[in-house]
**Student:** 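The structure that follows is given in the form of structure tokens.
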Amino acid sequence: MSPVEMNLEARFDAYVAEEKKIEPKDWMPDAYRKTLIRQISQHAHSEIVGMLPEGNWISRAPSLKRKAILLAKVQDEAGHGLYLYSAAETLGVTRDQMLDDLHTGKAKYSSIFNYPTLTWADMGAVGWLVDGAAIMNQVPLCKCSYGPYARAMVRVCKEESFHQRQGFQVMLNLAQGTPEQKAMAQDALNRWWWPSLMMFGPNDADSPHSAQSMKWNIKRFSNDELRQRFVDMTVPQAELLGLTIPDPDLKWNEARGHYDFGDIQWEEFYNVIKGNGPCNKERLAARVKAHEDGAWVREAANAYAQKQKAKKADATTHAA
Amino acid sequence: MSSKQHEWPLWEVFIRSRQGLGHKHSGSLHAADAEMAIQNARDVYTRRQEGVSIWVVPAEAITASSPDDKEVMFDPANDKVYRHPTFYKLPDEVNNM
């Protein structure tokens with residue numbers, strides 16, 4: 001690094017430390033730009049791939065009301081993906097590049113979406129737990145140092161709250177329903193609990209990028225801090241539902257003022273990230289197929305736009 | 001054909017949230033033409049009654065001031081406190097002026 005760059009970087013660090021915002025054309029360290037592109041594009045991919053497990057239930061929703069709600073939710077996820085792709089593009093990466101990276105498996109998305117949604121209760125558990133964990137992660141990002149990301153997150157968080165509430169309501173209806181329905185809700189909780197805790201990422205000691213991201217005000221709280229907050233918030237909600245969290249080690253710790261909980265099976269987490277989760281191949285294949293099946297639409301729209309432009313130019317020439 | 005040559009152009013979206021207010025920048029999106037940009041903006045940025053009117057502008061048509069010129073452009077206003085009403089200390093009798 002040249003002395004000029006070192007000076008710029010020192011100024012940048014001081015500026016960000018004062019809680020000031022960085023905008024697209026401002027100078028920024030390469031590593032800051034790269035970190036953001038990676039994080040924002042992965043976040044966008046997660047929203048887009050996140051539509052798939054829920055899309056599975058749109059045609060199977062138990063009532064017209066639930067179908068309308070689920071459609072609105074899945075449409076929101078598409079919107080969130082689009083806000084985030086746009087935010088990433090302000091850093092100089094193209095949409096096509098990001099999609100290529102997703103489709104070739106180079107880019108990651110949240111591994112939670114590599115689990116299957118087996119019953120209707122999964123729509124409840126996903127909204128309650130997965131969206132709940134996502135909110136916990138996302139709210140601090142509204143104050144992130146990069147302006148376009150922070151603004152996108154404000155929109156996302158405003159909309160996400162409905163997602164969690166509708167999910168909890170699905171769980172509540174099932175938990176108060178027939179014994180079979182309640183068992184279905186319990187089964188969904190059993191399957192989604194641990195993967196939801198993994199959404200906060202590795203333990204702090206094993207999270208190599210965290211310190212730098214915190215220094216840059218991209219990240220505000222550590223993975224373990226947010227995970228603990230999620231557990232503390234969710235346990236009373238499960239009690240209200242009359243459901244049991246599948247963790248024999250879960251208990252209130254009076255001294256800490258927090259719930260203690262059991263060890264997370266990180267081996268499973270890394271295995272799913274590596275591509276060996278129950279649905280990795282299916283999700284990616286569905287995403288690639290949707291993109292390829294849509295190619296003719298994108299090309300036709302482009303051709304039409306060119307034709308209209310040529311027509312307009314032609315008309316102007318003749319008029320002159 | 002590589003899809004890279006075919007990426008739809010980028011549009012900046014401005015939304016008037018209600019009559020009486022100006023259009024405000026909401027975000028951006030890709031669309032093949034202006035008409036599609038308006039439709040996409042409606043779906044992406046006004047799903048919850050956020051607007052009553054939409055402008056879309058090709059991103060490449062926007063000329064922006066450079067961040068490097070920030071000081072040259074905006075600092076001269078710093079020392080002109082007399083442009084603000086609070087600069088003028090007047091007798092209490094005319095306090096509401």
Side-chain angles (χ1 to χ4, degrees), chain A residues 8 15 22-28 71-90 93-100 103 147-149 151-152 154-156 158-159 161-162 291-292 294-309 311-312, chain B residues 1-18 23-51 54-75 78:
Chain A
L8 280 171
Y15 183 83
I22 303 300
E23 294 295 342
K25 288 184 176 165
D26 295 340
W27 185 89
M28 61 187 85
L71 269 170
K73 181 175 190 293
V74 173
Q75 195 189 11
D76 273 355
E77 311 296 3
H80 297 174
L82 293 175
Y83 307 155
L84 289 161
Y85 281 132
S86 295
E89 284 174 79
T90 64
V93 64
T94 66
R95 182 76 58 100
D96 276 347
Q97 183 61 53
M98 287 186 277
L99 292 180
D100 273 356
H103 297 157
Y149 192 25
R151 292 192 286 276
V154 169
R155 301 185 67 93
V156 169
K158 260 191 207 160
E159 298 178 354
S161 167
F162 128 67
H291 189 69
E292 284 173 357
W296 72 270
V297 180
R298 294 191 297 278
E299 275 163 31
N302 250 343
Y304 177 76
Q306 295 307 325
K307 220 161 136 185
Q308 291 301 108
K309 213 189 252 174
K311 237 186 202 169
K312 217 173 173 181
Chain B
M1 255 186 289
S2 154
S3 67
K4 288 208 171 43
Q5 295 157 340
H6 289 275
E7 187 170 285
W8 288 343
L10 189 68
W11 301 76
E12 297 300 330
V13 179
F14 299 83
I15 293 180
R16 183 200 298 288
S17 55
R18 59 184 163 86
H23 287 74
K24 196 177 158 220
H25 186 239
S26 287
S28 50
L29 49 76
H30 289 270
D33 58 27
E35 197 188 337
M36 186 194 279
I38 291 271
Q39 284 176 3
N40 288 358
R42 169 190 166 272
D43 289 343
V44 179
Y45 292 107
T46 66
R47 289 194 302 282
R48 288 176 176 80
Q49 299 173 291
E50 287 95 337
I54 299 172
W55 289 349
V56 291
V57 182
E60 59 172 23
I62 291 179
T63 308
S65 64
S66 159
D68 298 336
D69 295 341
K70 215 184 306 184
E71 284 155 25
V72 180
M73 289 188 65
F74 306 112
D75 280 2
N78 278 352

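To find a chain, count down the sequence lines: A is the first, B the second, and so on, and within it residues start at 1. The structure presented is a predicted model; accordingly, all values stated were derived computationally and were not measured.
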**Student:** What part of A:E159 is in contact with chain B, defined as an atom under 4.5 angstrom from a non-hydrogen atom: side chain, backbone, both or neither?
**Tutor:** both
**Student:** Between A:D76 and B:R48, does any NZ, NE, NH1 or NH2 come within less than 4.0 Å of an OD or OE carboxylate oxygen?
**Tutor:** yes
**Student:** Relative to each other, are the rings of B:Y45 and A:Y83 parallel, tilted or perpendicular (30° and 60° limits)?
**Tutor:**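 Rings of B:Y45 and A:Y83: parallel, under 30°.
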**Student:** Please identify, among B:A34, B:S26, B:P67, the residue contributing the most non-hydrogen atom pairs under 4.5 Å to chain A.
**Tutor:** B:P67
**Student:** Which bit of A:Q75 is near chain B, if near means a heavy-atom gap under 4.5 Å: side chain, backbone, both or neither?
**Tutor:**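 Contact with chain B is through both the backbone and side chain of A:Q75.
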**Student:** For A:Y304, is it the side chain, the backbone, both or neither that has a heavy atom under 4.5 Å from a heavy atom of chain B?
**Tutor:** side chain
**Student:** Indicate yes or no: does A:E23 engage A:R151 in a salt bridge with an N to O separation below 4.0 Å.
**Tutor:**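 A:R151 and A:E23: salt-bridged.
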**Student:** With under 30° as parallel and over 60° as perpendicular, where do the rings of B:H23 and B:W55 fit, or are they tilted in between?
**Tutor:**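 B:H23 vs B:W55 ring planes: parallel.
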